[in-house]
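Have a look at the structure below before the remarks.
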Amino acid sequence: NAGVTQTPKFRVLKTGQSMTLLCAQDMNHEYMYWYRQDPGMGLRLIHYSVGEGTTAKGEVPDGYNVSRLKKQNFLLGLESAAPSQTSVYFCASSQKGLLAGELFFGEGSRLTVL
Amino acid sequence: KQEVTQIPAALSVPEGENLVLNCSFTDSAIYNLQWFRQDPGKGLTSLLLIQSSQREQTSGRLNASLDKSSGRSTLYIAASQPGDSATYLCAVSADRGSTLGRLYFGRGTQLTVWP
């Protein structure tokens with residue numbers, strides 16, 4: 001049972017380059033989220049989606065874009081990477097939303113921007 | 001803004017000890033609180049979810065309590081084992097206004113259980 005799968009797991013970018021992180025879940029969950037985890041900062045919500053075709057901004061959305069064209073996939077894009085975006089990115093999903101449901105996380109994507 | 005604090009930041013104990021991890025939050029208007037476990041280089045695994053109307057939840061050797069009015073939660077681990085070594089994070093879900101449903105995470109307690 002795959003659960004939440006993130007690709008790629010590791011990536012090194014140069015400042016100004018673009019890239020897309022892919023999150024896929026096979027649990028038919030409605031809600032999906034992108035977080036970043038930084039030392040000493042905890043996890044912070046970047047963007048989230050409450051269903052196919054919807055997206056919304058989280059706590060730290062600047063510099064990122066997202067799309068949810070298919071229910072099972074949630075893409076996080078960086079149009080022009082900056083060193084401040086060096087972080088570990090986690091995707092999560094839930095069936096009932098944060099007000100009621102358990103969150104399932106992927107194993108993370110470690111991004112370094114030089 | 002909701003702030004979540006976890007104390008201690010790190011804890012090292014011998015196998016077999018019962019231990020308590022603490023989580024405090026500044027805004028008592030929460031919808032629920034979750035405890036997660038994170039192993040090095042891995043994602044988070046949900047351990048326990050406590051709704052704001054509940055006082056505690058139990059799963060095996062884990063027991064989490066919630067005192068919403070005082071803004072505190074504790075995670076109790078009985079008879080600790082080396083396999084319990086990980087970082088434990090708590091997160092609260094806001095229940096008001098534009099932050100409805102958003103999770104706020106603490107920075108975690110790094111637990112090491114040695115044989």
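Scope of the values below: all heavy atoms of this structure, side chains included, with no hydrogens, waters or symmetry mates. Naming: A, B, ... by sequence-line order, numbering from 1 per chain.
Between chain B and the options A/Arg110, A/Gln37, A/Lys9, heavy-atom pairs under 4.5 Å are most frequent for A/Gln37.
For B/Gln110, the CD atom counts as loosely surrounded, since its 6.0 Å shell holds 12 or fewer non-hydrogen atoms of other residues, nucleotides or ligands. Heavy-atom neighbours of A/Glu79 CD from other residues, nucleotides or ligands within 6.0 Å: at or below the threshold of 12.
In this structure, no portion of B/Gln6 lies under 4.5 Å from any heavy atom of chain A.
In terms of heavy atoms, A/Phe105 sits closest to B/Leu44 at CB-O, 3.3 Å.
Within the structure, the ring pair (Phe, Tyr, Trp, His ring centres under 6.0 Å) test picks out no pair touching residues 67-90 of chain B (sequence neighbours left out). The salt bridge (charged side-chain N to carboxylate O under 4.0 Å, His left out) analysis of residues 30-43 of chain A, with sequence neighbours excluded, yields the pairs A/Glu30-A/Lys71, A/Arg36-A/Asp38, A/Asp38-A/Arg44.
The closest side-chain heavy-atom distance from B/Leu103 to A/Tyr33 is not below 4.5 Å.
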